[in-house]
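Computed from a prediction, not measured in an experiment: that's the story for all the values here.
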Amino acid sequence: MAHLCMLIAWDEVTGIGVDTHVHRISNRLRWVAKATKTPEDTRKALEEWLPREYWRTINLDVVGFGQTRCLPVGPRCDGCLLDDTCPKVGVVAKQKKVPKKEPKMKLEMKVEPKIEPNMEPKIKMEPKI
């Protein structure tokens with residue numbers, strides 16, 4: 001993340017800023033030769049093949065894509081521009097929702113306050129002087 005700080009604060013490209021979105025999507029799209037386990041491993045793998053001219057924008061481009069379309073759980077592949085070419089690594093087909101079973105017996109409780117005619121309050125409040 002220090003690479004993002006350098007880019008944003010000093011406009012200096014020192015490397016690719018890899019966060020969870022860039023890490024996940026790089027592995028999902030197979031932008032790395034073999035699956036990486038950490039964002040740091042992903043950064044090194046990306047920097048080996050991605051031309052330096054793209055290092056400045058890749059994080060911002062991929063983060064937005066990862067937050068809105070290529071989600072970690074339940075990615076929105078329908079309508080995605082990469083749907084035809086995406087290897088969908090780690091994408092699990094949506095499971096059908098199982099309808100919830102209705103309880104066999106419904107319990108209803110109705111509580112009414114018991115008020116008696118000459119009932120004294122349990123807490124007495126006296127003014128302080």
Side-chain angles (χ1 to χ4, degrees):
M1 298 315 290
H3 296 297
L4 283 175
C5 182
M6 292 294 292
L7 176 63
I8 293 168
W10 290 280
D11 196 32
E12 191 172 324
V13 178
T14 57
I16 297 173
V18 177
D19 64 355
T20 187
H21 302 289
V22 176
H23 173 62
R24 179 182 72 253
I25 292 169
S26 295
N27 279 283
R28 185 171 283 170
L29 296 175
R30 292 192 177 142
W31 286 354
V32 290
K34 62 179 186 172
T36 56
K37 293 189 186 271
T38 66
E40 180 62 15
D41 292 340
T42 302
R43 180 190 67 79
K44 291 175 184 175
L46 286 174
E47 287 179 356
E48 285 179 11
W49 70 267
L50 188 68
R52 193 173 178 92
E53 65 191 81
Y54 297 112
W55 290 11
R56 174 180 296 276
T57 60
I58 186 169
N59 182 276
L60 295 174
D61 295 337
V62 175
V63 167
F65 179 65
Q67 290 174 335
T68 59
R69 174 67 64 181
C70 198
L71 305 170
V73 178
R76 299 178 180 138
C77 298
D78 294 341
C80 177
L81 297 176
L82 302 175
D83 192 33
D84 294 338
T85 59
C86 179
K88 294 178 177 57
V89 175
V91 176
V92 180
K94 287 185 180 179
Q95 296 178 353
K96 293 180 181 178
K97 290 185 178 180
V98 178
K100 292 182 181 178
K101 292 182 180 178
E102 290 292 322
K104 293 180 182 179
M105 183 185 338
K106 289 186 180 181
L107 297 175
E108 289 186 26
M109 292 181 64
K110 193 171 185 181
V111 179
E112 293 183 17
K114 185 177 179 183
I115 301 174
E116 295 179 11
N118 295 319
M119 201 168 163
E120 290 288 325
K122 291 184 180 179
I123 300 173
K124 291 185 180 181
M125 298 188 69
E126 297 178 10
K128 288 186 178 180
I129 300 178

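Sorted pairs that involve residues 20-36 and meet salt bridge (charged side-chain N to carboxylate O under 4.0 Å, His left out), not counting sequence neighbours, are lacking altogether. Among pairs with a residue in residues 47-60, those fulfilling salt bridge (charged side-chain N to carboxylate O under 4.0 Å, His left out) read Asp11-Arg56, Arg43-Glu47, at least two apart in sequence or across chains. Sorted by first and then second residue, the side chain to side chain donor-acceptor pair (under 3.5 Å) pairs involving residues 63-73 (not counting sequence neighbours) form an empty list.
Looking at His3, its side chain does come within 3.5 Å of a backbone N or O of Gly15 through a donor-acceptor pair. Between the side chain of Lys88 and the main chain of Cys77, no donor-acceptor pair closer than 3.5 Å is present.
Listed by chain and number, the residues in a side chain to side chain contact (heavy atoms under 4.5 Å, CB included) with Asp41 are Thr36, Thr38 (sequence neighbours excluded). With sequence neighbours left out, Leu50 forms a side chain to side chain contact (heavy atoms under 4.5 Å, CB included) with Ile16, Tyr54, Trp55, Ile58. With sequence neighbours left out, the side chain to side chain donor-acceptor pair (under 3.5 Å) criterion links Thr85 to no other residue.
Here the side chains of His23 and Asn27 are in contact, with some heavy-atom distance below 4.5 Å. Annotation: side chain of Cys86 is in contact with side chain of Leu29 (closest heavy-atom distance under 4.5 Å). A 4.5 Å side-chain heavy-atom check between Val62 and Trp31 finds at least one atom pair inside the cut-off.
Between Ala45 and Val32, the closest heavy-atom pair is CB-CG1, 3.5 Å. Counting all heavy atoms, side chain and backbone alike, Val22 lies closest to Ser26 at O-OG, 2.7 Å. The heavy-atom pair separating Asn59 from Gly17 by the smallest distance is ND2-O, 2.5 Å.
Atom NE2 of His21 is separated from atom CG of Leu71 by 9.0 Å, given to the nearest 0.5 angstrom. Atom CD1 in Ile25 sits 8.5 Å away from atom CG in Asp19 (nearest 0.5 Å).
In the displayed structure, Trp49 atom CH2 is contacted under 6.0 Å by more than 12 heavy atoms of other residues, nucleotides or ligands.
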